[in-house]
Amino acid sequence: MNSVVAGITYRALLGRRRIVLLLLLPVALLGLALLLRLMGSDDQRSAMLLMQNFAIGTMLPLLGLIAGTGVIAPEIDDGTIIHLMSKPISRPVIAQTKFLVAASLLAVFAAVPTYVAAWLLVGNEDAIAPGFAVGALVAGIAYAAVFLLLGVVTRHAVTIGVVYALVWEGLVGGFVPGARKFSVQQWAQSIADQISTSPFLKADVTLGFAVPALVIVTVLAVLWAGQRLRVLSLTGDE
């Protein structure tokens with residue numbers, strides 16, 4: 001990890017309008033949790049629905065898209081990445097650093113609010129809160145890698161990312177049983193199910209598949225992003 005690259009990336013993301021986008025979804029999650037509690041729906045079933053459908057199913061992939069593409073795609077689009085790549089810094093190191101920045105932002109803006117929202121509803125009952133928090137953390141790391149790669153390989157990263165998050169993860173992964181094995185959201189729920197003992201949570205993908213899949217996808221995406229940066233022309237052409 002290069003501290004200079006990390007500092008530049010943090011400032012770029014946290015000092016622009018993206019910070020508002022990063023905050024909106026967690027605030028909405030916490031607001032929904034508070035609303036459910038005030039309405040007397042602070043039970044495990046309600047918590048599970050909120051965690052699966054909003055925290056993991058909506059908030060996490062969208063935050064992954066914002067953070068993962070945001071750490072590098074804008075720099076490629078406006079050409080400022082050229083200045084960074086002209087420095088004596090290994091391009092794979094640049095990719096790895098930007099991945100770590102995106103992953104750390106997802107830990108703060110996705111995993112922590114997920115824990116707090118579940119805790120507001122059911123406390124630490126049946127380990128629902130820590131289960132989904134860890135699931136969100138691990139899946140967020142995978143999303144950071146996948147969307148970082150998209151930001152490097154295409155100038156249409158946001159469009160492709162939205163289609164992936166909403167169509168594949170939301171529709172196909174949610175309703176086609178065979179496709180669930182290849183859904184990051186389902187892998188997150190497998191992690192949560194392993195930690196939580198709630199009878200309302202039953203993962204569709206085994207832990208034995210989910211964990212290796214998360215590791216492989218994350219490592220390959222970061223390595224591929226680094227290799228793509230190696231061949232990225234200093235003229236700014238892909």
Item to check | Rounded distance [0.5 Å steps], CG in Leu35 versus OG in Ser46 | outcome: 11.0 Å
Checklist entry - Hey, quick one: are Val27 and Leu32 part of the same hydrophobic cluster, counting side-chain heavy atoms closer than 4.5 Å, chains of contacts allowed? => result no
Next on the checklist: Run the side-chain contact (heavy atoms from CB on, under 4.5 Å) test against Val4 and tell me which residues pass, sequence neighbours left out.
Outcome noted: Asn2, Ile8
Item to check | Joint hydrophobic cluster, Val158 plus Val20, side-chain heavy atoms closer than 4.5 Å | outcome: yes
Checklist entry - Do any pairs count as a side-chain hydrogen bond (donor to acceptor under 3.5 Å, both in side chains) and have a residue in residues 101-117, sequence neighbours left out, and if so which ones? => result Tyr10-Ser104, Tyr115-Asn124
Checklist entry - Less than 4.5 Å apart, any side-chain heavy atom of Arg45 and any of Met48? => result no
Checklist outcome for this item: For residues 189-199, the salt bridge (Lys or Arg N to Asp or Glu O under 4.0 Å) pairs (sequence neighbours left out) are none
Item to check | Atom of Ala144, atom of Ala102 and distance for their closest heavy-atom approach | outcome: CB-CB, 3.8 Å
Checklist entry - Who pairs with Thr9 by side chain to side chain donor-acceptor pair (under 3.5 Å), at least two apart in sequence or on another chain? => result Lys98
Check: residues 53-67 side-chain donor-acceptor pairs under 3.5 Å, at least two apart:
from  : atom 1 : to    : atom 2 : distance (Å)
Asn53 : ND2    : Leu49 : O      : 3.3
Thr58 : OG1    : Asn53 : O      : 3.0

Checklist entry - If you measure from CD on Gln189 to OG on Ser196, what distance do you get to the nearest 0.5 Å? => result 11.5 Å
Checklist entry - Can you name the residues that form a side-chain contact (heavy atoms from CB on, under 4.5 Å) with Val116, not counting sequence neighbours? => result Leu30, Val112, Leu120
Next on the checklist: The criterion is side chain to side chain donor-acceptor pair (under 3.5 Å); which residues satisfy it with Gln185, sequence neighbours excluded?
Outcome noted: none
Listing, residues 125-142 side-chain donor-acceptor contacts under 3.5 Å, not counting sequence neighbours, or none:
from   : atom 1 : to     : atom 2 : distance (Å)
Glu125 : OE2    : Gln44  : NE2    : 2.6
Asp126 : OD1    : Thr197 : OG1    : 3.4
Asp126 : OD2    : Gln44  : NE2    : 2.8

Item to check | Shortest non-hydrogen contact from Ala95 toward Leu148 | outcome: O-CD2, 3.5 Å
Checklist outcome for this item: Rounded to the nearest 0.5 Å, the CG atom of Leu29 sits from the CG atom of Leu34 at a distance of 9.5 Å
Item to check | Qualifying salt bridge (Lys or Arg N to Asp or Glu O under 4.0 Å) pairs, either residue in residues 135-151, two or more places apart | outcome: none
Checklist entry - Is Leu24 reachable from Phe109 through a run of hydrophobic residues whose side-chain heavy atoms are each under 4.5 Å from the next? => result yes
Item to check | Selection residues 139-150 - residue pairs positive for side-chain hydrogen bond (donor to acceptor under 3.5 Å, both in side chains), sequence neighbours left out | outcome: Tyr143-Glu169
Output side-chain donor-acceptor pairs under 3.5 Å for residues 199-222, partner residues at least two apart or in another chain, one line each.
from   : atom 1 : to     : atom 2 : distance (Å)
Asp204 : OD2    : Arg180 : NH1    : 3.3
Thr206 : OG1    : Phe209 : N      : 3.4
Thr218 : OG1    : Leu214 : O      : 2.7

Checklist entry - What distance do Phe182 atom CZ and Trp187 atom CH2 have between them, rounded to the nearest 0.5 Å? => result 8.0 Å
Checklist entry - How many angstroms lie between atom OG1 of Thr154 and atom CD1 of Ile160, to the nearest 0.5 angstrom? => result 4.0 Å
Next on the checklist: Test of understanding: with side chain to side chain donor-acceptor pair (under 3.5 Å), list the residues that count as partners of Ser90, not counting sequence neighbours.
Outcome noted: none
Checklist entry - Roughly how far, to the nearest 0.5 Å, is CD1 of Ile72 from CG of Leu13? => result 11.5 Å
